[in-house]
Amino acid sequence: MISVTARARFSSNVLTGRGARVYESAVVPREFYARPAAEVARDLVGKILVHGGVAGRIVETEAYLGTQDRAAHAWRGPTERTRVLFGPPGHVYVFLVYGMYECLNLVAEPDGVAGCVLIRAAEPVTGLDLMRRRRPRAVRETDLASGPGKLTMAFGIHRRLNGADATRGPVRVHWPVAGEPFDIDATPRIGIRHCADWPLRFVMRGNPCVSR
DNA sequence: CAATAGATCATCT
DNA sequence: GATGATCTATTGC
């Protein structure tokens with residue numbers, strides 16, 4: 001395991017509006033995503049994911065590269081399915097895995113270059129009641145979004161959102177407001193056969209919402 | 001607690 | 001026709 005020290009900060013108490021909960025910090029801009037996917041993946045740890053009336057702090061990500069990464073959907077080049085991976089950064093790539101679960105990705109790299117970041121887990125921040133309704137099987141609060149499929153369920157993210165702009169659309173990523181510094185560990189990616197030893201998975205050290 | 005099977009379908013061979 | 005960037009329940013020690 002390779003460790004990386006992050007100077008980023010997080011917020012555990014996010015502000016709420018009256019009635020509807022609103023996340024008020026600035027949205028992460030498109031330039032943030034127009035960098036190598038591994039950097040974007042590392043830097044997304046600690047950011048706030050917002051959709052469907054809930055918000056959570058991203059605690060686990062994975063980078064998927066382009067044609068050189070055999071584990072990535074984009075490795076063969078653009079197809080109808082992987083079109084958005086080759087498009088402009090800061091958009092959302094949602095696909096169905098194992099016939100049953102959705103996976104949420106954020107497109108990285110400049111326009112024309114493939115690369116994305118799988119959002120694997122988040123720590124619930126607001127809308128816990130809604131998340132529980134969407135994930136009745138979850139017993140512990142830390143398991144509401146502790147995996148790629150669980151996360152999309154808890155956030156109400158469906159593949160019809162594929163291609164949406166994460167800087168303007170319904171799915172958004174915000175900067176954290178304030179909080180304690182944390183460390184980030186880099187480990188091999190989960191559940192793949194090719195390139196299984198590349199350290200492209202990034203986790204917030206010690207966070208209980210990371211997947212197993 | 002660890003290992004395993006079953007559910008279920010879009011995409012690509 | 002096979003193959004997954006998974007989750008959950010169940011079995012077995």
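Basis for what follows: all heavy atoms, side chains included, without hydrogens, waters or symmetry-related copies. Labels below follow one simple rule: chain letters A, B, ... track the order of the sequence lines, proteins then strands, and each chain is numbered from 1.
Within a 6.0 Å radius of CZ in A:R132, other residues, nucleotides and ligands contribute more than 12 heavy atoms.
Two residues are said to be in side-chain contact when any heavy atoms from C-beta on lie closer than 4.5 Å; A:I192 and A:Y64 meet this criterion. Residues A:H91 and A:V84 are not in side-chain contact: their nearest non-hydrogen atoms beyond the backbone lie 4.5 Å or more apart. Inter-residue side-chain proximity for A:L106 and A:V92 is flagged as met; some heavy-atom pair is nearer than 4.5 Å.
Remark: the separation of the P atoms in C:dT10 and B:dT8 is 15 Å, to the nearest Å. Rounded to whole Å, the C1' atom of B:dA10 lies 22 Å from the corresponding atom of C:dT8. Taking the P atoms as reference points, C:dC13 lies 14 Å from B:dA5, given to the whole Å.
Shown here are the side-chain hydrogen bond (donor to acceptor under 3.5 Å, both in side chains) partners of A:D69, two or more places apart in sequence or in another chain: A:R189.
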### Task
If a protein heavy atom is under 4.0 Å from the base, mark B; if only from the sugar-phosphate, S; if neither, -; do that for nucleotides 8-13 of chain C going 5' to 3'.
SS----
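Taken from CG in A:L44 to CZ in A:R120, the straight-line distance is 14.5 Å, to the nearest 0.5 Å. Interatomic distance, CD1 of A:I48 versus NE2 of A:H174, reported as 9.0 Å (0.5 Å rounding). Atom CD1 in A:I119 sits 14.0 Å away from atom OH in A:Y93 (nearest 0.5 Å). From A:L104, atom CG reaches atom SG of A:C116 across 10.0 Å, with rounding to the nearest 0.5 Å. Rounded to the nearest 0.5 Å, atoms CD (A:E62) and OG1 (A:T187) are 7.0 Å apart. Summarising the geometry, atom OG1 belonging to A:T61 is positioned 10.0 Å from atom CE belonging to A:M204; distances are rounded to the nearest 0.5 Å.
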### Task
Would you sketch DNA chain C in dot-bracket for me? Only Watson-Crick or G-U wobble pairs with both distances under 3.5 Å count, crossing pairs as [ ], other-strand pairs as |, the rest as dots.
||||.|||||||.
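Residue-level contact check: A:I192 touches the backbone only, with heavy atoms under 4.0 Å from sugar-phosphate atoms and none from bases. Counting any heavy atom pair closer than 4.0 Å across all strands shown, A:R120 reaches sugar-phosphate atoms only and no base atom.
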Can you name the atoms? Protein N/O to nucleotides 1-3 of chain C N/O, anything below 3.5 Å, with the distance.
none

So which protein nitrogen or oxygen atoms get under 3.5 Å of nucleotides 9-13 of chain B's nitrogens or oxygens?
| residue | atom | partner | partner atom | Å |
| --- | --- | --- | --- | --- |
| B:dC12 | OP1 | A:T79 | OG1 | 2.9 |
| B:dT13 | OP1 | A:R76 | NE | 3.3 |
| B:dT13 | OP1 | A:R76 | NH1 | 3.0 |

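Of the options A:R42, A:K47, A:R201, a salt bridge (charged side-chain N to carboxylate O under 4.0 Å, His left out) to A:E60 is made by A:R201 and by none of the others. Of the listed residues (A:V50, A:D165, A:L49), just one forms a side chain to side chain contact (heavy atoms under 4.5 Å, CB included) with A:V171, and that residue is A:L49.
A residue-by-residue look at A:L151 and A:H194 shows that A:H194 has its nearest nucleotide of DNA chain C further toward the 5' end.
Across all their heavy atoms, A:A108 and A:P89 have their closest contact at C-CB, 4.2 Å. The two residues A:A37 and A:L65 have their closest heavy-atom pair at CB-CD2, 3.9 Å.
The CZ atom of A:R212 sits 13 Å away from the C1' atom of B:dC1 (whole-angstrom rounding).
Note on A:F95 and A:F86: same hydrophobic cluster, where clusters join Ile, Leu, Val, Met, Phe, Trp and Tyr whose side-chain heavy atoms are under 4.5 Å apart, directly or indirectly.
Of the residues in residues 103-115 of chain A, those lying under 4.0 Å from DNA chain C by heavy-atom distance are A:N105.
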